[in-house]
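Encoded as structure tokens, the structure appears first; notes follow it.
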Amino acid sequence: MVAIFARSTRAVFVRALLSGAAILPAVAFAAPPEETPVVADVVPGDEEGQEIVVQGTRPIAESEQAALEIQRNSPALVSVIASDAVGRLPDQNVAQAISRLPGVGVERDQGQARYVNLRGAPKRWTTLSFDGVNVVSPEGRAARFDSIPSAIAKQIIVRKAVTPDMVGETISGNVDIITRSGFDQDGFHVAGKAGYGLVELGDRREFEGSLVVSDRFDTGIGEFAIASSASLYRRGMVTDNFETDWESVDQDRRPGFADRIWARETENKLYRLVRKNYALSTRLDWKPAPGHRIFAETIYSAFQDDEQRNNYIVDLDDQQSRVPTGTAACTVNATPAANTTGYADVCTGNTPLKGTVYGIDLNSNFTVRAYKQSVFTNTLGGDHDLDTWRVSWRANYTRSIDDRTQPAQLNYDSPSFGTNGANAANRLTVGYDFTDPQLAKIELYRTIRNANGTFARGARVTAIEDFPRSLARLRSLLAADTTDAYTARVDVQHDVDALLGDKTTFAFGLRFDDRTKSVDERLLELNSAAQFSAAGIPTGYGQIAIPGAFQGKLPLGYTFQYFGRDQILDLVDRAKTVGSYVDQTANLYDVNERIYSAYGMATVTTDWGNVIGGLRIEHIRNDSAAFGAGPQRLEVKTSQTLVYPSLHVNYDVTDQMKARLSFSTGAARPDYDQLRPNLTFNDANLTISGGNPDAKPEKAMGVDAYVEYYGATGGFLSFGAYYKRLRNVLFDTSRTFGRDILNSNGFDRSQYVFSGIDNGGNGSILGIEGAIQQQLDPFVGDLGLPDWVGGFGVQLNATLNRSRAETPDGRRVPLPGASDAVYNLGVYYEKYGFSARVQYQNRSRWLDDLGDFQVINGVNRGVDGGDFYWAKDDELDASVRYAIGRNVELFGNFSNLLNGPGRRYVRDTRYTIERETFGRRYQAGVRVNF
């Protein structure tokens with residue numbers, strides 16, 4: 001399925017290829033960012049297609065009708081949302097913009113949509129492209145969409161049915177960002193937007209602005225057009241956060257231990273940050289002759305977090321080795337045994353969700369983070385119509401950078417426990433209550449050490465700075481992952497009349513991709529009192545603390561002081577006088593991937609519809625190199641050839657009903673960092689971590705069947721089912737290493753526990769999805785309703801799916817990222833120059849990551865509690881608009897109105913591991929269009 005978004009306009013020209021071309025139709029909207037469209041009139045075009053001209057004053061309802069006309073006449077599975085959709089709601093980035101489509105789920109960070117899951121598939125199965133050229137995300141194969149502002153796009157196309165002209169790693173679908181061209185307008189054109197708003201939590205502010213300028217020129221050597229755009233979104237934020245990490249405790253052997261997991265630590269990460277998205281683009285087009293176009297474009301898009309974080313970690317299992325190991329039932333005594341803290345001890349009356357732990361460590365981390373992800377992509381291309389032949393070519397260079405720089409991190413620790421708790425009086429006693437999954441409650445107390453070595457609770461402490469702590473470590477990290485990608489592609493189509501039907505279009509293409517990901521990581525670290533003294537660095541927190549109360553609303557159970565950014569960076573400057581940045585060789589690697597691909601396909605058009613079939617062949621070579629545990633450099637070379645057949649049938653049941661059936665294949669390869677050959681080992685813990693160059697691609701075969709109904713009253717109804725069969729499903733997991741390449745100095749490390757990515761067994765996804773949209777305007781007259789009622793309309797879509805996959809250890813679990821249900825409900829009203837819209841989105845829980853299971857005290861249990869899940873997520877947004885004449889519009893956006901939490905848990909919903917809220921946001925502004 002393909003979903004197409006386009007900006008609304010007073011004169012939107014849409015060319016939908018109706019001839020059943022082999023390559024999916026090129027749909028071009030002549031559209032400024034937020035202009036007002038109107039009624040759709042079908043204008044006869046040549047036999048290759050038709051134009052739809054949209055002219056009127058109702059941006060939602062009327063642009064939806066134009067979009068449905070495109071969908072109805074598409075030769076492939078297509079889902080089209082109203083052309084106004086990206087600008088209508090407060091869709092700051094591409095992930096948020098497409099999240100209302102059937103089968104689309106998003107994963108969020110700090111309340112902002114980041115990753116896309118299509119129809120229950122893992123996020124790495126969705127590829128990203130600009131104008132049809134695939135782009136590697138800064139993080140790798142799992143495309144991040146929060147670095148791409150929606151304002152950069154003229155269209156956003158989501159393809160769910162995979163055809164041979166798409167890269168093979170597109171298993172679930174592709175998100176294609178279609179950029180603006182100067183030829184979209186008749187002449188000089190300017191469109192802009194400015195908005196200013198309030199972020200409720202922390203009383204912060206946000207700003208959004210965009211500008212598009214385009215023009216076209218007729219010269220003696222053909223017509224030229226240029227379009228440039230710029231956009232900026234800036235938001236100040238604080239967060240309400242708590243996190244709890246759980247574990248199975250080996251020492252807990254009392255009756256019922258097999259069902260108990262304990263909180264090993266609980267913490268608050270208290271952020272102050274400024275988040276930015278910005279983008280710049282310029283495109284130059286040249287039409288030297290009719291049927292020929294050559295273009296060059298450059299796009300720079302970036303996502304940036306400037307973050308300051310106070311992180312307070314209460315280390316509940318600080319003295320886990322002292323937990324009594326008795327196996328018999330016991331009588332409850334609130335006082336723990338001598339020299340023990342009460343952790344994981346049911347004999348004190350403690351339970352996993354409520355109790356008291358004595359004399360434990362407070363770990364305080366204070367971090368300045370300068371995080372930035374950017375994509376810089378440059379394309380030269382051309383399209384040439386040579387009667388029955390059509391040729392398209394592209395050459396692209398893209399650099400993606402994941403800058404993970406952390407200018408400062410300071411760690412402050414409590415005094416040591418001492419022999420048998422001799423120093424416990426200088427450490428925390430904590431009363432914890434985790435019975436409410438929505439709030440981790442803690443109370444802090446002084447610790448009393450009795451003469452017999454037992455501990456008791458002292459006076460309540462509310463100011464966390466009252467506990468003694470000293471600087472244990474200062475770090476400054478410079479780190480960036482850089483991916484350089486080169487792509488060359490040529491596609492050819494040829495029409496043959498009356499071969500197998502009314503017309504047959506043959507298409508074939510060649511493509512070459514060369515991608516290299518390299519890592520640069522350098523660390524400055526001081527970790528001794530002597531180093532701190534030599535640098536003149538004080539070890540008390542008071543040197544970096546600043547006045548001011550907590551800016552969030554979460555009841556923490558204590559008060560604290562924020563640190564000052566300038567103060568903490570001053571300490572880093574002092575550290576540079578005695579230390580230097582050192583290459584972290586264990587984390588450095590280079591991975592090169594070269595892909596040689598070719599495809600062939602044919603589209604047969606008949607009087608009842610069309611059939612599209614063909615296959616794609618890809619030969620992949622991977623060369624990876626990295627440092628091993630010592631100075632030696634490890635290198636691994638692999639190669640493989642994959643074949644992807646597909647078939648798509650589109651049948652016109654009636655003039656108003658279409659049926660579509662498709663079969664497709666694909667394969668998702670491990671990410672670049674997962675292919676790195678550097679492995680580090682720890683002989684004390686008998687562990688190895690790193691990449692897995694032997695990981696195989698996970699392969700998929702899928703079937704889609706859909707029926708679409710286009711009502712005479714402008715309504716639309718669709719229903720479909722899909723199924724994918726999977727092999728070699730990839731999981732992040734732990735296993736026995738099983739290789740001898742790290743054996744040395746008499747150590748056999750082949751049996752160490754390896755943590756990385758590994759292939760599981762088979763799996764499947766089965767699902768159904770439906771969509772409906774209807775405007776009331778066509779029914780007003782027949783029902784005798786007042787004219788104003790016709791302004792109402794509704795959009796509803798829902799997806800239900802079930803996924804299962806076999807893990808490397810033989811368990812059956814849902815696919816990571818797969819929700820059982822995803823649905824969206826939109827209600828709108830527009831008439832008399834006013835429009836309003838409310839949109840609700842909901843997705844059920846989904847598996848986030850696979851837990852490590854091992855035999856503990858004779859029972860196979862989750863080491864960290866089990867598998868990790870995201871709880872259900874629901875969002876409610878609204879917007880209003882009022883047009884002042886033809887060129888100016890006022891707008892208001894209301895985001896995150898439910899202020900629901902982003903919450904993760906382990907094993908079951910009782911055991912929250914992370915919960916964050918971010919506050920409601922309100923924005924007002926103006927759009928202009930000339």
Is there a side-chain contact between [X] and [Y] (heavy atoms, below 4.5 Å)?
{"X": "Arg404", "Y": "Asp481", "value": "yes"}
{"X": "Val116", "Y": "Val104", "value": "yes"}
{"X": "Lys160", "Y": "Asn174", "value": "no"}
{"X": "Lys287", "Y": "Phe183", "value": "yes"}
{"X": "Tyr882", "Y": "Glu889", "value": "no"}
{"X": "Val106", "Y": "Asn117", "value": "no"}
{"X": "Val888", "Y": "Val926", "value": "yes"}

Hey, is [X] close enough to [Y] for a salt bridge, meaning N to O under 4.0 Å?
{"X": "Asp495", "Y": "Arg390", "answer": "yes"}
{"X": "Asp513", "Y": "Arg594", "answer": "no"}
{"X": "Arg399", "Y": "Asp484", "answer": "yes"}
{"X": "Arg669", "Y": "Glu593", "answer": "yes"}
{"X": "Asp383", "Y": "Arg293", "answer": "yes"}
{"X": "Glu107", "Y": "Arg114", "answer": "no"}
{"X": "Arg283", "Y": "Asp131", "answer": "yes"}
{"X": "Arg927", "Y": "Glu208", "answer": "no"}

Side chains of [Y] and [X]: any donor to acceptor distance under 3.5 Å?
{"X": "Thr377", "Y": "Thr398", "result": "yes"}
{"X": "Gln373", "Y": "Asp402", "result": "yes"}
{"X": "Ser129", "Y": "Asp176", "result": "yes"}
{"X": "Thr179", "Y": "Glu297", "result": "yes"}
{"X": "Asn929", "Y": "Asn887", "result": "no"}
{"X": "Asn592", "Y": "Asp514", "result": "yes"}
{"X": "Gln493", "Y": "Asp491", "result": "no"}
{"X": "Ser281", "Y": "Ser229", "result": "yes"}
{"X": "Thr163", "Y": "Ser646", "result": "no"}
{"X": "Ser214", "Y": "Arg180", "result": "no"}

Approximate separation, where rounding is to 0.5 Å, of [X] [atom1] and [Y] [atom2]:
{"X": "Thr379", "Y": "Arg489", "atom1": "OG1", "atom2": "CZ", "value": "9.5 Å"}
{"X": "Phe145", "Y": "Thr126", "atom1": "CZ", "atom2": "OG1", "value": "6.0 Å"}
{"X": "Thr170", "Y": "Trp125", "atom1": "OG1", "atom2": "CH2", "value": "12.5 Å"}
{"X": "Asn893", "Y": "Arg921", "atom1": "CG", "atom2": "CZ", "value": "9.5 Å"}
{"X": "Asp285", "Y": "Ser181", "atom1": "CG", "atom2": "OG", "value": "3.5 Å"}

Exercise. Shortest non-hydrogen contact from Ala302 to Lys372?
Worked result: CB-CE, 4.2 Å
For this session: Classify the angle between the aromatic ring planes of His494 and Trp389 as parallel (below 30°), tilted (30 to 60°) or perpendicular (above 60°).
Result: parallel
For this session: Kindly assign one of parallel, tilted or perpendicular to the pair Phe303 and Tyr371, based on the angle between their ring planes and the thresholds 30° and 60°.
Result: perpendicular
Exercise. Just one of Phe217, Phe295, Trp286 clears the ring-ring contact (aromatic ring centres under 6.0 Å, His included) bar with Phe224, so which one?
Worked result: Trp286
For this session: For residues Phe207 and Tyr196, establish whether the separation of their ring centroids is below 6.0 Å.
Result: no
